A.B. asks: 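The structure's right below; bear with me while I get my questions together.
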Amino acid sequence: MSSDKGKKGKKSKKDGKSKKSEKSKKAKKLTPKKTCCKSKPRCKRCPIRMLAEGRLDPADAKKLFAKSRNRKQAKKAHLDVPGG
């Protein structure tokens, strides 16, 4: 008997993995949504959440919070909106 007891089926192709699958495992930078969805708890891509955590670029924040809906939600969350 072989020492590969319990392994059934085809052999895995670990050597033949594509580079694309390796790249997808890296952490991706989250981009904020264009509009706030007003849901609670806030989603990971929420512009208000990203602004509060300091993960939102001020230039992007200025563009996103130009919309009145987003400004209103940020004001409700007691956040200072840059350029607004």
Side-chain angles (χ1 to χ4, degrees):
M1 289 202 146
S2 66
S3 62
D4 294 333
K5 198 172 190 180
K7 292 184 179 180
K8 296 180 181 178
K10 295 181 180 180
K11 292 182 180 178
S12 63
K13 295 180 181 180
K14 291 184 179 179
D15 297 335
K17 281 189 176 178
S18 66
K19 291 182 181 179
K20 187 176 183 180
S21 64
E22 292 174 9
K23 287 182 180 179
S24 64
K25 290 182 182 179
K26 292 182 181 178
K28 292 182 180 179
K29 184 179 177 184
L30 291 175
T31 55
K33 290 181 176 180
K34 301 289 183 194
T35 57
C36 177
C37 58
K38 300 182 184 181
S39 66
K40 294 223 176 174
R42 303 268 185 217
C43 62
K44 290 180 182 178
R45 291 182 52 217
C46 181
I48 294 171
R49 180 179 182 163
M50 292 180 81
L51 182 65
E53 293 173 353
R55 296 186 297 144
L56 187 61
D57 186 42
D60 292 337
K62 191 172 183 179
K63 290 178 194 173
L64 289 171
F65 291 105
K67 293 184 178 182
S68 62
R69 176 180 175 176
N70 289 346
R71 273 197 315 271
K72 186 177 179 182
Q73 289 299 312
K75 188 176 179 182
K76 212 176 196 181
H78 306 290
L79 291 173
D80 292 328
V81 180

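Just so we're clear, the structure is a prediction, and the values are computed from it rather than from any experiment.
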A.B. asks: Roughly how far apart are Phe65 CZ and Gln73 CD, rounded to 0.5 Å?
C.D. replies: 9.5 Å

A.B. asks: For Lys34, is there any backbone N or O sitting under 3.5 Å from a side-chain donor or acceptor partner on Asn70?
C.D. replies: yes

A.B. asks: Using atom types as modelled, flag every donor-acceptor pair under 3.5 Å from a side chain in residues 48-58 to any protein atom, sequence neighbours excluded.
C.D. replies:
from: Arg49; atom 1: NE; to: Glu53; atom 2: OE2; distance (Å): 3.2
from: Arg49; atom 1: NH1; to: Arg42; atom 2: O; distance (Å): 2.8
from: Glu53; atom 1: OE1; to: Arg55; atom 2: NE; distance (Å): 2.8
from: Glu53; atom 1: OE1; to: Arg55; atom 2: NH2; distance (Å): 2.9

A.B. asks: Please list, chain by chain and in numerical order, all residues satisfying side chain to side chain contact (heavy atoms under 4.5 Å, CB included) with Lys33, sequence neighbours excluded.
C.D. replies: Cys37, Cys43, Arg45, Pro47

